[in-house]
Amino acid sequence: MTVLPLDGESDPVRRGIIAAINRLLAGTPHRSNGRLNVTQLAVEADVKRWHLTHQHTDLKDQFQAEVARAEAKRTAAVQQADEYAELKKQNADLRKHCRHLEARLEIYATALNQLALENAALSGRDADAAKVRTLPRSRRLP
């Protein structure tokens with residue numbers, strides 16, 4: 001992943017700094033510990049820190065801007081992952097609750113049908129007329 005192109009750079013120090021920026025942002029450092037700060041950029045580029053803070057401040061600023069963008073992307077990705085996990089948990093809870101309610105509904109329908117039959121038997125009406133008929137059910141969710 002190349003964040004900053006080397007095109008048009010003839011200064012070997014600037015080329016080394018740009019290559020180091022690209023390596024650090026790609027997560028493949030050669031000399032440093034990989035932390036995304038100016039000190040580790042200087043170590044990775046094999047230059048003194050003052051080259052970045054006094055001589056090539058534009059590269060330092062570009063590096064810091066890219067680091068801020070990468071951190072914002074990472075934070076957003078973590079937040080989205082957390083939200084996704086929470087939604088999955090809520091979905092599982094709602095499905096469990098729905099299954100519980102469907103089971104209770106079956107029990108209540110059976111009890112209601114039994115009570116209607118007993119009522120018909122006690123009142124002397126035809127048992128077929130007293131039966132509770134179930135309506136076709138919609139497709140169940142898995």
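Starting from 1, each residue takes its place in the sequence as its number.
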- [ ] Begin with the C-alpha distance, continue with both residues' side-chain angles, and end with the deciding distance and a verdict on side chain to side chain contact (heavy atoms under 4.5 Å, CB included) for Val13 and His56.
- [x] CA-CA 9 Å; Val13 174; His56 303 291; 3.7 Å; yes

Task: Passing candidate, salt bridge (charged side-chain N to carboxylate O under 4.0 Å, His left out) with Glu44, options Arg35, Arg23, Arg49 - done: Arg23

TODO: Determine yes or no for a side-chain-to-main-chain donor-acceptor pair under 3.5 angstrom, with Thr110 supplying the side chain and Glu106 the backbone.
DONE: yes

Task: Point-to-point distance, once rounded to the nearest 0.5 Å, from CG of Leu94 to CZ of Arg99 - done: 10.5 Å

Task: His54 side, atom NE2; Lys60 side, atom NZ - distance, nearest 0.5 Å - done: 9.5 Å

Open item on the list: Can you tell whether the side chains of Arg74 and Glu71 come within less than 4.0 Å, N to carboxylate O?
Closed with: yes

Task: Spacing of Asn22 atom CG and Ile17 atom CD1 [to the nearest 0.5 Å] - done: 12.0 Å

Open item on the list: Looking at Arg14 and Asp58, is any side-chain nitrogen of the basic one under 4.0 Å from a carboxylate oxygen of the acidic one?
Closed with: yes

TODO: Give a yes or no on whether Val43 and Ile18 share a hydrophobic cluster (residues Ile, Leu, Val, Met, Phe, Trp, Tyr; joining criterion: side-chain heavy atoms under 4.5 Å apart).
DONE: no

Open item on the list: The criterion is side-chain hydrogen bond (donor to acceptor under 3.5 Å, both in side chains); which residues satisfy it with Asn91, sequence neighbours excluded?
Closed with: Arg95

Task: Reported CG-to-OG distance for the pair Asn37 and Ser32, which is rounded to 0.5 angstrom - done: 8.5 Å

Task: Leu52 CG to Leu41 CG distance, which is reported to the nearest 0.5 Å - done: 5.0 Å

Task: 4.5 Å side-chain heavy-atom contact, Leu25 and Val67 - done: yes

Open item on the list: Quick check: do Gln62 and Ile21 have side-chain heavy atoms less than 4.5 Å from each other?
Closed with: no

Open item on the list: With rounding to the nearest 0.5 angstrom, report the CG to CG distance, Asn119 to Leu115.
Closed with: 8.5 Å

Task: Nearest heavy atoms of Ala45 and Gly16, plus distance in Å - done: CB-O, 3.8 Å

- [ ] Search all heavy atoms of Leu24 against all heavy atoms of Gly34 and return the closest pair with its distance.
- [x] CD2-CA, 3.8 Å

Task: Under-4.0 Å salt bridge between Lys89 and Asp93 - done: yes

- [ ] For Gln90, check side-chain contact (heavy atoms from CB on, under 4.5 Å) against everything at least two apart and list the hits.
- [x] Glu86, Leu87

